[in-house]
Amino acid sequence: MCGIVGYVGTRDGVPIVLEGLQRLEYRGYDSAGIAVVGGGKGGLKLHKAKGRIRDLQSSLPKRLKGAPTIGHTRWATHGAPNDVNAHPHVDFSGRFAIVHNGIIENAPQIKERLAAEGIETTSETDTELVAHLIGLAAREHDDPMAAVRAALRRVEGAYGLAIVDAEHPDRVIVARLGSPIVLGLGDREMYVASDVGAIVRHTKQVVHLEDGEIAQLEPDGFTTQTLDARPVQKVSELVDLDAADYDLGGYEHFLRKEIGEQPEAVERCISGRIDERFSTVKLGGLNLEPHELRAIKRVHILGCGSAYYSGEVGAHLIESLARIPATAEAASEYRYRNPVIDPNGLYIAVSQSGETADTLAAVEELTRKGARVLGVINQVGSAIARSNNGGIYIHAGPEVSVASSKSFTSTCIAFAMLAVHLGRIRDLSPADGDRVITALRELPAKIAAILEQEDQIEEAAGWLAQFENAMFIGRVRGYPIAREGAQKIKEVAYLHAEAYQAAELKHGPLALICPEMPVVAVVADDELAEKQRSTLHEIKARQGPILAIAHETLPTELAERTIVVPRTEPELDPILMNIPLQLLAYHAARALGRDIDKPRNLAKSVTVE
Ligand code: G6P
């Protein structure tokens with residue numbers, strides 16, 4: 001969602017900030033803006049535009065140069081996406097410009113207070129109100145840090161903020177409460193961003209602000225304090241990221257690049273975690289003793305979107321390998337049904353970004369009620385990762401495309417490892433532990449083999465793209481994959497797709513089957529293969545065209561097209577069967593000329609409800 005980039009130093013900050021904003025485009029946005037302090041009072045220069053960064057760039061006035069500079073990509077929440085609502089926002093005195101990620105919850109009260117002071121607002125945003133509060137506080141505080149602190153003490157809600165002050169053209173002030181802010185340390189220059197990906201080209205030496213902290217950045221360094229002015233000593237760290245992770249590297253789209261990165265991502269997820277001696281998996285971050293793990297009577301998995309569906313794959317893995325009842329649920333629903341906390345349950349929050357507001361709120365609700373919550377997370381040190389009791393990092397590397405691909409697969413791998421771990425301290429035999437571990441090790445090569453079939457999948461995608469609707473079906477462990485496949489094709493190809501449990505077709509949706517309703521069927525050659533084949537016969541009898549994702553044993557006459565997937569252990573079949581579905585969505589979207597990495601209306605990290 002919204003993105004923040006800032007720079008203070010001797011260079012022109014405008015190109016640096018614009019380039020950083022481009023790196024954050026993937027998060028989803030609908031307008032953008034930039035502010036520069038030109039020096040002296042009234043030296044603020046602003047430029048904002050609805051649409052893409054390139055629209056902002058092409059209309060940029062020549063005089064807009066210099067530093068400090070702050071920029072923003074906005075994903076509209078309060079007020080429509082237009083030039084007025086775009087950030088930065090300036091206070092009534094014209095002195096402070098601010099950019100903001102998050103939501104101000106007491107906006108109506110702040111507005112009343114401002115009205116009482118005779119301050120009118122020009123935009124529909126909650127951010128503008130914060131700018132005015134800072135302007136008001138500056139009447140009583142000479143030091144801009146003190147003014148920002150005083151203003152923020154009146155603010156309820158979530159924010160990541162970057163502020164420039166026309167009267168102090170040597171600094172940027174930033175603050176964080178619930179929305180990430182990272183400082184980048186350069187050589188006589190400083191950077192700030194809401195996501196390290198925006199600044200990693202310039203520096204890998206970073207400092208993460210914590211909630212309730214505020215910092216002042218000057219070219220030569222920074223100081224950090226709390227909202228009540230207590231100084232905080234921060235230690236910088238070197239981020240283990242490659243700027244190339246945020247480049248297309250010769251690919252046309254990040255989604256295709258990231259689908260192709262899956263063999264290495266899976267390798268990384270498994271690496272160093274296999275314990276051959278005991279036919280199990282070591283997961284150092286769980287922070288739970290074997291006796292605590294044995295006491296778990298039920299596993300509850302929570303996530304949103306693809307994270308939720310990978311949680312469903314995880315629930316099947318845990319139930320079948322560890323024989324612990326396990327379910328997955330949409331975190332967005334969970335938090336609102338006043339859930340009864342299971343005292344013997346283990347709760348697992350799944351999130352690629354570690355920022356999704358619905359998942360974070362579910363975790364906070366659970367922790368508040370005393371539940372034990374683990375995370376399965378990609379983004380190291382993210383809000384969700386920090387707010388739970390431990391967990392598993394999936395190490396998929398940065399995922400730029402809005403539609404999740406490698407993080408889905410690596411999350412499933414993490415669940416497979418957790419299932420083996422939980423299983424081996426219960427009744428999973430060493431032989432079964434070995435069986436799954438060996439299969440996990442072979443997955444990268446098998447994923448690579450599926451990627452080799454791209455031409456065939458692309459042809460199938462071209463065929464699917466002619467239809468307006470599609471049905472995706474699977475059974476038991478194949479059903480979450482059908483859901484994820486349907487989700488992917490909706491997200492990136494804008495093709496209406498519905499996922500159904502194969503056996504449920506005859507209880508209703510079979511009425512839809514006709515030559516215009518293609519069915520994408522996930523049919524592993526497992527204990528349900530015979531039943532699946534009957535379903536395919538029922539569809540064929542009604543002239544429904546079928547694309548099967550199957551093992552080599554599926555009779556070819558059962559489907560118009562079949563993508564054959566290598567065999568693995570049945571528990572892991574869904575992980576491989578999902579790979580062709582990713583390529584299918586990608587190529588259907590490409591055939592239809594969609595904006596693949598930035599689908600309309602979607603954001604990578606949904607940091608608002
Ligand atoms: C958004 C994205 C989805 C993603 C979901 C959860 O809705 O568009 O692709 O699956 O958020 O994101 P998370 O970062 O929590 O995994």
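Whatever order the structure lists ligands and atoms in, that order sets their numbers, starting from 1.
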Query raised in the report: In Å, rounded to the nearest 0.5 Å, how long is the span from CD1 of I199 to OH of Y191?
Result: 8.5 Å

Query raised in the report: What atoms of ligand 1 come within less than 4.0 Å of a heavy atom belonging to S351?
Result: 13 (P), 14 (O), 15 (O), 16 (O)

Query raised in the report: Quick one: which ligand 1 atoms are inside 4.0 Å of a heavy atom on A307?
Result: 10 (O), 16 (O)

Requested in this report: Using a strict 4.0 Å cut-off to heavy atoms of S306, name the atoms of ligand 1 that fall inside it.
Outcome: 10 (O)

Query raised in the report: Quick one: does L602 get within less than 4.0 Å of ligand 1, heavy atoms only?
Result: no

Query raised in the report: Does an N or O from Q487, backbone or side chain, lie closer than 3.5 Å to an N or O of ligand 1?
Result: no

Report task. Output the list of atoms in ligand 1 that are nearer than 4.0 Å to some heavy atom of T356, sorted by atom number. Result -> 6 (C), 12 (O), 13 (P), 14 (O), 15 (O)

Query raised in the report: More than 12 non-hydrogen atoms from neighbouring residues, nucleotides or ligands closer than 6.0 Å to CD on E504, yes or no?
Result: yes

Query raised in the report: Counting only heavy atoms not in R298, do more than 12 sit closer than 6.0 Å to its CZ atom?
Result: yes

Report summary line: closest protein heavy atom to atom 16 (O) of ligand 1 is Q352 N, 2.7 Å

Query - Short N-O contact, R335 and E365, less than 4.0 angstrom - result: no

Query raised in the report: Got the closest protein heavy atom to atom 3 (C) of ligand 1, with its distance?
Result: E491 OE2, 4.0 Å

Requested in this report: Specify whether Y347 and Y334 have parallel, tilted or perpendicular ring planes, treating 30° as the upper limit for parallel and 60° as the lower limit for perpendicular.
Outcome: tilted

Report task. Could you walk me through whether E355 and S382 pass side-chain hydrogen bond (donor to acceptor under 3.5 Å, both in side chains), step by step? Result -> CA-CA 6 Å; E355 279 181 42; S382 55; over 6 Å; no

Report task. Check whether the side chains of Q205 and S236 place a donor and an acceptor atom closer than 3.5 Å, and report yes or no. Result -> yes

Query - Those atoms of ligand 1 less than 4.0 Å from some heavy atom in V402 - result: 8 (O), 9 (O)

Query raised in the report: How close does the nearest protein non-hydrogen atom get to atom 8 (O) of ligand 1, and which residue and atom is it?
Result: A603 O, 3.0 Å

Report summary line: atom 11 (O) of ligand 1: closest protein heavy atom, distance to 0.1 Å, is K604 O, 3.8 Å

Query raised in the report: Just heavy atoms, cut-off under 4.0 Å: does E355 contact ligand 1 by side chain, backbone, both, or neither?
Result: neither

Requested in this report: Flag T359 as yes when one of its N or O atoms lies below 3.5 Å from any N or O atom of ligand 1, and as no otherwise.
Outcome: no

Report task. Give a yes-or-no answer on whether the side chains of N469 and H496 include a donor-acceptor pair shorter than 3.5 Å. Result -> yes

Report task. Would you kindly check if the NZ (Lys) or CZ (Arg) of R483 is within the cone defined by 45 degrees around the ring axis of Y500 and under 6.0 Å from the six-membered ring centre? Result -> no

Query raised in the report: Crowded around K50 NZ? As in, over 12 foreign heavy atoms under 6.0 Å?
Result: no

Query raised in the report: What is the nearest protein non-hydrogen atom to atom 7 (O) of ligand 1, stated with its residue, atom name and distance?
Result: V606 CG2, 3.7 Å

Report summary line: Near S353 (heavy-atom distance under 4.0 Å), the atoms of ligand 1 are 13 (P), 14 (O), 15 (O)

Query raised in the report: When you measure from atom 5 (C) of ligand 1 to every protein heavy atom, which one gives the shortest distance, and what is it?
Result: C304 O, 3.7 Å

